[in-house]
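These notes are about the structure you will find just below.
For the numbers below, each heavy atom of this structure counts, side chains included, while hydrogens, waters and symmetry mates do not. Lettering of chains follows the sequences in order, A, B, ..., and the numbering in each one begins at 1. Here the structure is a predicted model, which means the values were calculated and not measured.
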Amino acid sequence: MQYWLFKAEPDVFGIEHLAAQPKKTGRWDGIRNYQARNFLRDQVAKGDAVFIYHSHCKQPGVVGIAEVVKAAYPDPTQFDPQSPYFDSKATPDLPRWVAVDIKLTSQFKQVIPLSLIKQQTVLENMVLLKQARLSIQPVSEQEWQAILQLADN
DNA sequence: GCCAACGTTGGC
DNA sequence: GCCAACGTTGGC
């Protein structure tokens, strides 16, 4: 089993939206970056554990944990002209982008803020800190445990 | 809202 | 294939 961090903008689709889905399970779609896509398509597997991270908001940080319940499949939004994620170069025969389904398993009482993560020596090599703009990224087991210890519950 | 970092596009 | 122009991300 592998660990991941998925970024979300809470104004668009954040942990609150996921929590409001039936069975707290929803589609993680709209990923339009090749490096993130490759992780999602080739490595993210059913049963993997995911930190949900809120970016572009007042208090950026890790807000909860989800589990991958369905591995990569073609992201339907790429075929939908009404969707902001529509891609005219993608076809059902040659899909370009993928989505996964995740189920919310834990919502932290308090955000684990980026500012706190930055203070941890064990976390200084996190992809989150090294490569700021990657929206799907691997997390090592050591990093996973260190962040869990920062959770207030 | 600003701006640095970095990804993508397209002319040549 | 290079690289300038442009667009997006995301912390602050």
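Remark: A/Gln142 CD is loosely packed, at most 12 non-hydrogen atoms of other residues, nucleotides or ligands lying under 6.0 Å away.
Taking the six-membered ring for Trp and the full ring otherwise, the centers of A/Trp4 and A/Phe51 sit at least 6.0 Å from each other.
For the residue pair A/Asp93/A/Thr91, the side-chain donor-acceptor check at 3.5 Å is not satisfied. At a cut-off of 3.5 Å, with distance as the only test, a side-chain donor of A/Trp97 or A/Asp87 sits close to an acceptor on the other residue. A donor and an acceptor atom, one from each side chain of A/Asp101 and A/Tyr73, are located under 3.5 Å apart.
For the pair A/Lys89 and A/Gln35, nearest-nucleotide mapping onto DNA chain B gives the more 5' position to A/Gln35.
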A correct 5'-to-3' footprint of nucleotides 6-12 of chain C, with B, S and - meaning base, sugar-phosphate only and no protein heavy atom under 4.0 Å, is -BBBBSS
